[in-house]
Amino acid sequence: MTKKKPLTNAEKQKRYREKKQKLGKKEVRGYLTEEAQSCLDEIKNLTDWDDSTILSNAIRLTYAAQQCGQIKLLNSWLVKNNK
């Protein structure tokens, strides 16, 4: 009987990403400004959502605002309120 070599963290992460891709999910990465990090922390505290849920909802809400012609209004609110 041969022993299997344990997977490295990189191999585990690769398997996890491949599994998510097969489920039709896409990874999106980026860096947050200090203002965005503050908003993220507040949303997490208020909703108990994880990062994936917050990001998915943020993209969907941004899309809805764009479709309804409200992007300029929302952006001006963010600027006015330093968010």
Side-chain angles (χ1 to χ4, degrees):
M1 185 158 78
T2 60
K3 240 184 185 181
K4 279 189 175 181
K5 182 180 166 191
L7 296 174
T8 65
N9 282 342
E11 292 168 328
K12 289 177 188 176
Q13 290 172 358
K14 183 179 178 186
R15 274 185 20 181
Y16 177 80
R17 285 191 303 271
E18 288 170 351
K19 185 176 169 183
K20 293 296 179 184
Q21 279 181 333
K22 286 179 184 175
L23 294 172
K25 305 214 175 187
K26 177 178 174 59
E27 181 180 13
V28 178
R29 297 175 13 161
Y31 296 94
L32 300 178
T33 63
E34 287 181 29
E35 296 87 357
Q37 183 64 51
S38 170
C39 294
L40 176 66
D41 294 340
E42 190 173 334
I43 291 168
K44 279 184 177 182
N45 290 333
L46 292 171
T47 64
D48 290 327
W49 291 345
D50 60 15
D51 289 347
S52 293
T53 302
I54 293 170
L55 180 59
S56 291
N57 286 341
I59 290 170
R60 292 172 59 232
L61 289 167
T62 302
Y63 177 79
Q66 187 273 328
Q67 291 295 305
C68 295
Q70 300 300 314
I71 287 290
K72 287 182 182 178
L73 175 70
L74 292 174
N75 194 53
S76 67
W77 184 92
L78 289 169
V79 170
K80 186 171 84 175
N81 290 282
N82 295 320
K83 296 287 182 186

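Since this is a predicted model, take the numbers as computed values, not measurements. Atom set for the values below is all heavy atoms of this structure, side chains included, hydrogens, waters and symmetry mates excluded.
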Please lay out, stage by stage, how D41 and S38 fare under the test side-chain hydrogen bond (donor to acceptor under 3.5 Å, both in side chains). CA-CA 5 Å; D41 294 340; S38 170; over 6 Å; no
To the nearest 0.5 Å, what is the distance between OG (S76) and CD (Q70)? 10.0 Å
NZ of K14 to OG1 of T8, rounded to nearest 0.5 Å, is 10.0 Å
Following the transitive rule for hydrophobic clusters with a side-chain heavy-atom cut-off under 4.5 Å over Ile, Leu, Val, Met, Phe, Trp and Tyr, establish whether L40 and W49 coincide in one cluster. yes
So, taking the atom named CG in L73 and the one named CH2 in W77, what distance separates them when rounded to the nearest 0.5 Å? 10.5 Å
Could you tell me if Q13 and N9 have a donor-acceptor pair between their side chains, going purely by distance under 3.5 Å? no
Please indicate whether E34 has more than 12 foreign heavy atoms, meaning atoms of other residues, nucleotides or ligands, lying under 6.0 Å from its CD. no
d(L32 CG, D51 CG) to nearest 0.5 Å is 8.5 Å
E35, CD: over 12 other non-hydrogen atoms inside 6.0 angstrom: yes
Any side-chain heavy-atom pair of D50 and I54 under 4.5 Å: no
For E11 and L7 the tightest heavy-atom approach is OE1-CA, 3.2 Å
E27 and K20, any side-chain heavy atoms less than 4.5 Å apart: no
What I'd like to find out is whether the side chain of L61 reaches to under 4.5 Å of the side chain of L74, using heavy atoms alone. no
Quick check: do T47 and T53 have side-chain heavy atoms less than 4.5 Å from each other? no
Below 4.5 Å, heavy atoms only, C-beta onward: do K83 and E42 meet side chain to side chain? yes
